[in-house]
Amino acid sequence: MKLVTWNVNSLRARLPRLLQLLEVERPDVVCLQETKAAAGAPFPLELAGAGYTAVGHGGGRWGGVAVLLGPGLQPDEVVAGLPGEPDPAEARWLEVDVGPLRVVSVYVPNGRAVGTPTFAAKLAFLDAAAERLAALRGRSLVVAGDVNIAPTDADLYDPAAFIGSTHVTPDERGRLGRLLEGGMVDAWRLLHPEETGFTWWDYRAGHFGRGLGMRIDLLLLSADLAGRLTGIRVARAYRKGPGPSDHAPLLATLDDPG
DNA sequence: ATGGCCAGCGATGCTGGA
């Protein structure tokens, strides 16, 4: 089974690149973030044409998450929204049951600046996510998305450049740690303990070309699924070329259950 | 070479992203 998570920075704007990814990689499950699609907005017909069933949680002008399922897969239970989240209208959390798996696509708030109300809302969202994952403990669980936290300084191009900024504070990292309680595994780090694995690069100032990125998109797996992880990579090709997102897709492969 | 802001809204320049 092949899993993808990708902050597309607008589904509409990214559709050509998304269709390219679906055709080339043929993933089974795709978690999308920042679709910028309104609640109830129809998905582009091209997705169905490519063989994918889409489940969305719309967030209007900003935000929005979705899960795409490949041929032969259908959504069972769908839960949109996160109990206790600060602003449900931002549409940052979507759970979809796919066979024995519960798949979560999550887009954690940015937080903008430490000490602001939006930063407090980011922490509150993370608290709510930890509560929800505790409630889901024991299930075969995939939590995939843009967490807007660099887990450690090894996930930054230059730790000194982030002193005093969001994405690196103990408040944020501590809450990310709570998401990993109960045996959830950071899939990239499981197979790549040293390699940087950046998933986001600022559009500005040539950051991508200069290798100035961050690892803020994560695939978290419950322990049973982590044991089946055979590969994970950042598809940097989708950060290049015409009309890229500022995030690259993260692709993982799981062995079939034996 | 990991190459130099983008998307939405809406009609102009501002907001948000991280």
Side-chain angles (χ1 to χ4, degrees), chain A residues 5-18 21 32-41 44 56 58-66 86-87 89-92 106-123 125-126 145-173 175-176 188 192 194-218 232-251:
Chain A
T5 182
W6 193 12
N7 179 324
V8 290
N9 184 17
S10 169
L11 176 60
R12 178 166 56 190
R14 216 61 56 214
L15 187 60
R17 304 305 300 268
L18 175 60
L21 179 137
L32 301 176
Q33 301 86 38
E34 221 176 336
T35 59
K36 298 185 176 179
R61 184 171 176 180
W62 292 291
V65 290
D87 186 356
E90 292 182 346
R92 298 177 175 276
V106 55
Y107 175 40
V108 174
N110 172 296
R112 293 188 209 165
V114 176
T116 62
T118 53
F119 187 76
K122 178 180 191 174
L123 300 183
F125 183 93
L126 290 164
D146 176 358
V147 300
N148 270 320
I149 301 168
T152 74
D153 282 354
D155 301 306
L156 302 169
Y157 67 87
D158 179 10
F162 289 87
I163 293 173
S165 80
T166 60
H167 294 60
V168 300
T169 65
D171 279 342
E172 292 161 285
R173 286 175 169 168
R175 283 169 174 79
L176 179 59
W188 173 265
H192 302 276
E194 303 290 338
E195 198 179 336
T196 51
F198 295 154
T199 61
W200 174 87
W201 301 259
D202 200 314
Y203 279 124
R204 294 166 290 190
H207 275 209
F208 180 65
R210 293 158 59 195
L212 307 181
M214 303 172 73
R215 189 173 77 92
I216 55 175
D217 298 271
L218 304 184
I232 184 165
R233 65 191 173 90
V234 180
R236 287 200 306 270
Y238 296 88
R239 182 62 179 78
K240 311 178 191 180
S245 171
D246 46 356
H247 296 251
L250 183 63
L251 284 78

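Throughout, protein chains are lettered first and strands after them, A, B, ... in sequence-line order, and every chain is numbered starting at 1. Scope of the values below: all heavy atoms of this structure, side chains included, with no hydrogens, waters or symmetry mates.
- Nucleotides B:dG8 and B:dG4 have their C1' atoms positioned 23 Å apart, rounded to a whole Å.
- Atom CZ of A:Arg236 and atom C1' of B:dA1 are 10 Å apart (whole Å).
- Look at the P atom in both B:dG10 and B:dC6: the space between them is 22 Å, to the nearest Å.
- Heavy atoms of A:Tyr107 sit under 4.0 angstrom from primed sugar atoms or phosphate atoms, though from no base atom.
- At B:dG16, none of the side-chain N or O atoms of A:Arg61 fall inside 4.0 Å of OP1 or OP2 (strictly under the cut-off).
- For the OP1/OP2 pair of B:dA7 and a distance below 4.0 Å, the side-chain nitrogens and oxygens of A:Arg14 include at least one atom meeting the criterion.
- For A:Glu34 and B:dC6, the CD to P distance is 15 Å, given to the nearest whole Å.
- Between the A:Arg236 side chain and the A:Phe198 main chain, no donor and acceptor come within less than 3.5 Å of each other.
- Across the P atoms, B:dA1 and B:dA7 are found 23 Å apart, a figure rounded to whole Å.
- Across all strands, A:Trp200 comes closer than 4.0 Å only to sugar-phosphate atoms, never to a base (heavy-atom distances).
- A:Lys240 has its NZ atom 15 Å from the C1' atom of B:dG4, to the nearest Å.
- Using a 4.0 Å heavy-atom criterion, one finds that A:Ile216 contacts the sugar-phosphate atoms exclusively.
- If you check every strand for non-hydrogen atoms under 4.0 Å, A:Asp202 touches nothing.
- For the pair A:Arg204 and B:dG3, the criterion of a side-chain N or O lying under 4.0 Å from OP1 or OP2 is not met.
- When each of A:Thr196 and A:Arg112 is assigned the nucleotide of DNA chain B with its nearest heavy atom, A:Thr196 is the one assigned upstream, toward the 5' end.
- Place A:Asp146 and A:Leu11 on DNA chain B by their nearest nucleotides, and A:Leu11 ends up nearer the 5' end.
- Here the P atom of nucleotide B:dC5 and the CG atom of A:Leu212 are 12 Å apart, to the nearest Å.
- Residue A:Phe208 places its side chain closer to B:dG3 than to any other of B:dC5, B:dG8, B:dG3.
- Between A:Asn7 and the choices A:Asp217, A:Asp246, A:Asp146, the side-chain hydrogen bond (donor to acceptor under 3.5 Å, both in side chains) rule is met once, by A:Asp146.
- A ring-centre distance under 6.0 Å is found for A:Tyr157 and A:Phe162.
- When the options A:Val108, A:Ile149, A:Asn148, A:Val147 are evaluated for a side chain to side chain contact (heavy atoms under 4.5 Å, CB included) with A:His167, the one that passes is A:Asn148.
- As a whole-Å value, the separation of A:Tyr157 OH from B:dT2 P is 18 Å.
- For A:His207 and B:dC5, the NE2 to P distance is 9 Å, given to the nearest whole Å.
- When heavy atoms are screened at a 4.0 angstrom cut-off, A:Thr166 is found touching no nucleic acid atom at all.
- Side-chain polar atoms of A:Asn9 and A:Tyr203 form a donor-acceptor pair below 3.5 angstrom.
- Residue contacts shown for A:Arg210 are absent, as no nucleic acid heavy atom lies under 4.0 Å away.
- Across the protein-nucleic acid pair, A:Asp87 atom CG and B:dG16 atom P stand 13 Å apart, rounded to whole Å.
- Using a 30° and 60° split on the angle between ring planes, A:Trp188 and A:His192 fall in the parallel class, below 30°.
- A:Arg12 has no side-chain polar atom (N or O) that falls below the 4.0 Å cut-off from OP1 or OP2 of B:dA7.
- The distance from atom NZ of A:Lys122 to atom P of B:dG16 is 16 Å, rounded to the nearest whole Å.
- OP1 and OP2 of B:dC6 both lie 4.0 Å or more from every side-chain N or O belonging to A:Ser245.
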